[in-house]
There are 2 protein chains.
Amino acid sequence: METSNLKKAGLKVTLPRMKILEILEQSETRHLTAEAIYRELLDSGEEIGLATVYRVLTQFEAAGLVCRLHLEGNQAVFELERGGHHDHIVCNQCGRVEEFYDETIEQRQQRIAADHGFSIRDHALVLYGDCSDESCPRRPAS
Amino acid sequence: METSNLKKAGLKVTLPRMKILEILEQSETRHLTAEAIYRELLDSGEEIGLATVYRVLTQFEAAGLVCRLHLEGNQAVFELERGGHHDHIVCNQCGRVEEFYDETIEQRQQRIAADHGFSIRDHALVLYGDCSDESCPRRPAS
DNA sequence: GATAGTAATGAGAATCTTGTTCATCGAGCG
DNA sequence: CGCTCGATGAACAAGATTCTCATTACTATC
């Protein structure tokens, strides 16, 4: 496995951390809740506690390996930080998440912040709408 | 007081609802947590339960009187809906919140959503940074 | 390869925010 | 003024996340 990411981040290479990183890498949804990761660990037969999942994810976030998103407010989702920054569109019906990056918006944000006397460090932009995926309205949010 | 807002929204005019509306109107921060409103009620000598505060705020939100924001993820803040939509800049240091509206960003969002096959219903944009208020870094987040 | 030191983990309790239940109360209508 | 039904209060409940603390397991060292 890729233990180098962990080492580079100054984190000890432990089984829970490797497994969680692995799940994040192999997931096709790219956006997982702590609960979802926990369930996957259990399904793989790993004896890893939910508290550890939260702890590890928080450390990963601090190390810049993942970022934490509050797409719906109640439960945070985590995604692997692979390079570029991006924002998200969430479907209100099926919960599907798409990513986008828009240079114009990024620049306007800098400009607006400067006009208000702020130096921007981060931002969260989430669009909520209805997707046109034909399988959407029937599929409940995962 | 302005009981007309309540009546217009189809809500019975009760003491808790009037008081909460009053607090929202008179607050200078414009962004209050349910807890903060609850404490203000207690300080005014009102015997209103926290559950009622949450209930009333949820009703106000459904009625379009206030909108609920998740500026930091853990606790929601409520602000009175006075006319136009806007987004927010939050200072990481002092928690101060400024509002802004940018037509360019709004339009880009519509465009991006359309490109992804979404019809936008809502969006949340929060910029996080450091404000240049001279009293900022020393003042703890309220 | 064995060992010590220290950080990481697991299990459950704790916390924080928000919502629900149910008996009581009060607003609004006749 | 009394009735009816929605609103309230108090306590409890639920969901997400964090904390505690005893135990375990990396990592570096020998």
Side-chain angles (χ1 to χ4, degrees), chain A residues 1-21 23 31-42 44-63 65-78 95 141-142, chain B residues 1-21 23 31-39 41-42 44-63 65-78 141-142:
Chain A
M1 319 299 150
E2 276 301 324
T3 65
S4 56
N5 291 331
L6 289 174
K7 285 197 178 132
K8 237 181 298 180
L11 295 170
K12 260 191 204 173
V13 178
T14 65
L15 190 134
R17 300 216 253 242
M18 283 197 302
K19 285 292 176 191
I20 291 172
L21 205 48
I23 286 173
H31 303 88
L32 293 168
T33 64
E35 277 286 345
I37 294 171
Y38 177 58
R39 282 197 309 272
E40 284 220 28
L41 287 169
L42 293 188
S44 321
E46 299 297 335
E47 292 288 328
I48 292 175
L50 181 55
T52 300
V53 176
Y54 276 104
R55 246 181 324 222
V56 167
L57 287 171
T58 301
Q59 293 159 345
F60 282 5
E61 186 191 15
L65 290 177
V66 305
C67 61
R68 179 194 306 247
L69 308 170
H70 296 273
L71 296 186
E72 357 229 325
N74 43 349
Q75 208 170 359
V77 300
F78 297 84
S142 62
Chain B
M1 318 304 146
E2 277 302 325
T3 64
S4 56
N5 290 332
L6 289 174
K7 285 197 178 127
K8 238 181 296 178
L11 295 169
K12 260 192 204 171
V13 178
T14 66
L15 190 132
R17 300 215 254 241
M18 282 197 302
K19 286 292 176 191
I20 290 172
L21 205 48
I23 286 173
H31 302 89
L32 293 168
T33 65
E35 277 285 345
I37 294 172
Y38 177 58
R39 281 197 309 272
L41 288 169
L42 292 188
S44 321
E46 299 297 335
E47 292 289 327
I48 293 176
L50 182 55
T52 300
V53 176
Y54 276 105
R55 247 182 323 223
V56 168
L57 287 171
T58 302
Q59 292 160 346
F60 282 5
E61 186 192 14
L65 291 176
V66 305
C67 62
R68 181 193 304 248
L69 307 170
H70 296 273
L71 296 187
E72 356 231 326
N74 43 348
Q75 208 170 357
V77 301
F78 297 84
S142 62

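Computed from a predicted model, the values in this text were never measured in an experiment. Quick note: numbers below take in every heavy atom, side chains included, and nothing from hydrogens, waters or symmetry partners. Lettering of chains follows the sequences in order, A, B, ..., and the numbering in each one begins at 1.
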Please write out the pairs of protein N or O atoms and N or O atoms of nucleotides 15-20 of chain D separated by less than 3.5 Å, giving the distance to one decimal.
{"from": "D/dA16", "atom 1": "OP1", "to": "A/Gln75", "atom 2": "OE1", "distance (Å)": "3.1"}
{"from": "D/dT17", "atom 1": "OP1", "to": "A/Ala76", "atom 2": "N", "distance (Å)": "2.9"}
{"from": "D/dT17", "atom 1": "OP2", "to": "A/Tyr54", "atom 2": "OH", "distance (Å)": "2.5"}

Rounded to the nearest 0.5 Å, how far apart are CG of A/Leu41 and CD1 of A/Ile23?
3.5 Å

Every protein N/O within reach of nucleotides 27-30 of chain D N/O, cut-off under 3.5 Å:
{"from": "D/dT27", "atom 1": "OP1", "to": "A/Val13", "atom 2": "N", "distance (Å)": "2.8"}

Would you say that B/Leu11 contacts B/Val56 through its side chain, given a criterion of any heavy-atom pair below 4.5 Å between the two side chains?
no

Note: A/Gly49 and A/Tyr38 closest approach over all heavy atoms is C-CE1, 3.8 Å

Side-chain H-bond candidate by donor/acceptor type, B/Thr52 with B/Arg55, under 3.5 Å:
yes

Apply ring-ring contact (aromatic ring centres under 6.0 Å, His included) to A/His31 and list each qualifying residue two or more places apart in sequence or on a separate chain.
A/His88

Residues 6-18 of chain A vs side chain to side chain donor-acceptor pair (under 3.5 Å), sequence neighbours excluded, gives A/Arg17-A/Gln59

Got A/His70 and B/His70 here, is their nearest side-chain heavy-atom distance under 4.5 Å?
no

To the nearest angstrom, how far is A/Glu47 atom CD from D/dA25 atom C1'?
16 Å

Closest heavy-atom pair, B/Val53 versus B/Ile48, reported as atoms and distance to 0.1 Å, is CG2-CG2, 4.3 Å

Heavy-atom check, side chain of A/Met18 versus side chain of A/Leu6, under 4.5 Å
yes

Distance, nearest 0.5 Å, that separates CD1 of B/Ile20 from CD1 of B/Ile37
6.5 Å

Protein-nucleotide distance (B/Lys19, atom NZ; D/dG9, atom P), rounded to Å
13 Å

Distance from B/Phe60 atom CZ to B/Phe78 atom CZ, nearest 0.5 Å?
11.0 Å

Taking C-beta and beyond as the side chain, do A/Arg68 and A/Thr58 meet within less than 4.5 Å on heavy atoms?
yes

Boundaries of the chain B footprint along DNA chain C (any atom under 4.0 Å from a heavy atom)
C/dT17 to C/dG28

Relative orientation of the end axes in the helix from C/dG1-D/dC30 to C/dG30-D/dC1, expressed as an angle to the nearest 10° (five pairs per end)
30°

Output the rounded distance in Å from CD (A/Glu46) to P (D/dA25).
13 Å

Please work out if B/Leu15 contacts a base, only the sugar-phosphate, or nothing of the nucleic acid, heavy-atom cut-off 4.0 Å.
nothing

State the CG-CG distance between A/Leu57 and A/Leu21, to the nearest 0.5 angstrom.
10.0 Å

